[in-house]
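Values below: every heavy atom of this structure, side chains too, minus hydrogens, waters and symmetry copies.
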Amino acid sequence: MSFKLIADTFSVSRDSTSFIQLKTLKKPKTNDQVWLAIEIVGDSKYGRSTVQSIIDTMEEVFFSDSELGAYERFEQSLKEVNLIIKHLKEKRAKSFGKINAIIAVFSGDELHITQSNEAEAYLIRHNKFSMISDGLSSRSADLFVNIASGELMSDDKLIFSTARLLRLATHSQVVQLFGDGVAEAIESIRDLAMANEELSLGAVAIHSKLIQQRSESNEDREGHHLLTKAHSALKSIFTSLKGKMPENFMGGRSNANKKNILIALGVVIVLLVVSVSILMNSRRTRAVREEYRIQLEELNQDLHVANTKGYANDKETANSILDKVDEDARLILETNYFRAEALALLDKIQDTRDSINNTDRLKELAPYIDLRTKKPDVKALGIVSLDDNFFVYEYNRLYEVILDQILDPRQIDDTEVVVASTAMEDQDALVFLTQSGRVIEFVDGLFRFANTEDQAWKSGIDLAAYGKYIYLLSPENDQIYKYARLRSKYSSASEYNNGADLSGAISIAIDGDIYILKEGGNIIRLYKSKQQPFKIEDLAVDISEATQLYTSTELDNLYILDTVNKRVVIVTKSSSGFSRYYGQVVFEDLENIQGFYVEKNENKLHILTESEVYKIDI
């Protein structure tokens, strides 16, 4: 008797001293499965490697000798696991944590389980609750000693938990959790666990369903019908021919009759071949359809698991599962089987991914400003804010926007080509960097070339302002040049960077710290000329196509523009250098995004395309 196991999982660790792993082990050409729910408590350094050692040992030993029964292989596996644990205890001494674990083997209609410490396993059969792990814990030096074995039945429901679930719910409440299925049961367990702010918990919910033998399909019945007709036709022809066949047929003297008989036999053989081909093809089609149907069911279950991982803030695992589900769903879509179901699954994947990654996906946005009303062929390059107003520039023109009104464009210069700009709030000035390496200021409604005490400005590709200083990014020279704005000119350049590799740098932003974006999405943070630690934890999206950074002293977050994927990624800032991924805003319909900025209260995001500005709530 074979069962299909429908399952979902949830885990939450409240602090660094708890590590939880929920794992299923399967191998091709066998229906045996090993399920593990393991928590390591009190070992923040080696918890992950300890769990992996247990998993690797179980997988290697249990599936190594298929000639032995499941119980014998399970017993041998646990002996090896006990030896591994004993060795690790001796090696790590006091740093070795406590292991709360359930390990279960499903083989046909057999269920074998073992348990350690506070982990528990529950069975719900015919709406009756029982604890099947009771009495399995051992006081011996070995962790896993006792095995409970029993028969698995259709519609059995099981829960493997790394902590005592009955602290959170009564027996009858646990039974009710399974009322609507495993996904809903896990969702209820999640709600109970999250309400207890101190409890770390890993839980697996499993529902066993008997695999039904499929009845004869329409294709099979049609194939059998064709074979029956062919057989009847063949029998009729032979019967008819038998009475008409001359006695000397084999002697070769009745050639006309022989020819007619051979033609008739050929027709029947062709009919038989076609009938058999149709039958075999229908069976192959049915088998392939059934395979994809089962795969779709499994992918939907994996989707639930990803959602649960997302709730537990394990974004890395959740996104990894979603990537695999997405890949497999697209392969099914290419086969023309279950297209509607595959498309629906892809929509669910996108919704789940957006929820887990805190994605705001925007469509059909209306522009706040349309620059073409002033210049139909405008090709905007960037946007910059000054005194709560913002300015848009193209290579030789500046557009000032006050509220929602565009003023007539101003000519920046007849010959220079602008490549970058920044605002000096304290100086009430806009500063433009040109392609030829010159600097132009816009102050009091007038443009003028700005000079430096040096003979010429250093070469650069981007610039940012902080107080009375501008910082010129020069990846060519592996340097950031710092200039002070004086009364009528700028100071000589001073070299700010002390040792950081700026090769491939493409954007600069400042809030006291200096952030440098490099090609490939790498971000460097500098403070007082020295490179500082910087890492984005829980980064759920790929920023390798990022093109621009934005932040300021008033903002709590660092904003990363990715024009290729039409999005702005938001990460928190931290003096420790360990930022966290916060979310992303995706602009699906916008083309040719050129720049952006964020208002000081961080509730509005301005996005610039070549001809329009969009104002978006964030």
Side-chain angles (χ1 to χ4, degrees), residues 1-7 9 20-40 48-89 99-117 119-123 125 130-154 156-162 202 204-211 294 298 301:
M1 190 178 297
S2 298
F3 294 94
K4 179 176 178 58
L5 302 180
I6 301 173
T9 64
I20 296 174
Q21 180 78 50
L22 309 173
K23 184 74 174 179
T24 310
L25 304 178
K26 303 177 185 178
K27 288 289 185 180
K29 299 180 181 179
T30 176
N31 292 323
D32 293 348
Q33 301 181 26
V34 180
W35 291 71
L36 304 97
I38 307 174
E39 178 186 22
I40 308 290
R48 184 184 296 272
S49 63
T50 299
V51 170
Q52 195 58 50
S53 296
I54 295 173
I55 292 172
D56 291 345
T57 303
M58 284 298 306
E59 185 171 25
E60 180 181 353
V61 179
F62 182 80
F63 293 104
S64 63
D65 190 352
S66 59
E67 294 183 0
L68 293 177
Y71 181 90
E72 288 77 11
R73 286 182 284 134
F74 189 33
E75 195 174 38
Q76 287 183 3
S77 303
L78 295 179
K79 288 179 181 178
E80 292 297 322
V81 168
N82 287 331
L83 290 174
I84 292 293
I85 293 173
K86 183 179 180 181
H87 170 72
L88 293 176
K89 275 185 178 179
I99 301 176
N100 302 321
I102 293 288
I103 305 178
V105 168
F106 293 86
S107 179
D109 61 354
E110 300 175 19
L111 170 62
H112 311 285
I113 73 165
T114 189
Q115 174 265 0
S116 69
N117 293 316
E120 292 184 343
Y122 314 107
L123 169 67
R125 178 175 289 172
S130 60
M131 185 188 300
I132 57 176
S133 59
D134 194 27
L136 293 180
S137 189
S138 171
R139 294 183 179 179
S140 71
D142 291 333
L143 187 64
F144 301 107
V145 176
N146 301 309
I147 299 175
S149 300
E151 181 184 6
L152 187 67
M153 299 180 66
S154 180
D156 278 351
K157 304 173 181 76
L158 299 119
I159 299 176
F160 302 150
S161 177
T162 60
V204 180
I206 301 173
H207 188 183
S208 67
K209 288 192 174 182
L210 185 65
I211 299 177
I294 293 173
E298 293 174 346
Q301 288 300 316

Could you check whether the rings of His112 and Tyr71 sit parallel, tilted or perpendicular, using 30° and 60° as the cut-offs?
perpendicular

Measure the acute angle between the ring planes of Phe106 and Trp35, then classify it against the limits of 30° and 60° as parallel, tilted or perpendicular.
perpendicular

So for atom CD, which belongs to Glu60, do other residues, nucleotides or ligands contribute more than 12 heavy atoms lying within a distance under 6.0 Å?
no

Would the number of heavy atoms belonging to other residues, nucleotides or ligands and lying under 6.0 Å from CG of Asn31 be above 12?
no

To check you understand the geometry: which heavy-atom pair defines the closest contact between [X] and [Y], and what is its length?
{"X": "Glu151", "Y": "Asp156", "value": "O-OD2, 4.2 Å"}
{"X": "Arg73", "Y": "Leu68", "value": "NE-O, 3.1 Å"}
{"X": "Thr114", "Y": "Val145", "value": "OG1-N, 4.4 Å"}
{"X": "Ala148", "Y": "Ile132", "value": "CB-O, 4.1 Å"}
{"X": "Ser53", "Y": "Ile84", "value": "CB-CG2, 4.0 Å"}
{"X": "Gly108", "Y": "Phe3", "value": "O-CD1, 3.5 Å"}

Ignoring hydrogens and geometry, is there a side-chain-to-backbone donor-acceptor pair from [X] to [Y] under 3.5 Å?
{"X": "Glu39", "Y": "Ile20", "value": "no"}
{"X": "Ser133", "Y": "Ala121", "value": "yes"}
{"X": "Thr57", "Y": "Val81", "value": "no"}

What is the distance from atom CG of Leu78 to atom CD1 of Ile103, rounded to the nearest 0.5 Å?
5.5 Å

Knowing that exactly one of Ile113, Leu152, Val204 qualifies, which makes a side chain to side chain contact (heavy atoms under 4.5 Å, CB included) with Leu158?
Leu152

Donor + acceptor pair across side chains of Asp32, Ser107 (<3.5 Å)
yes

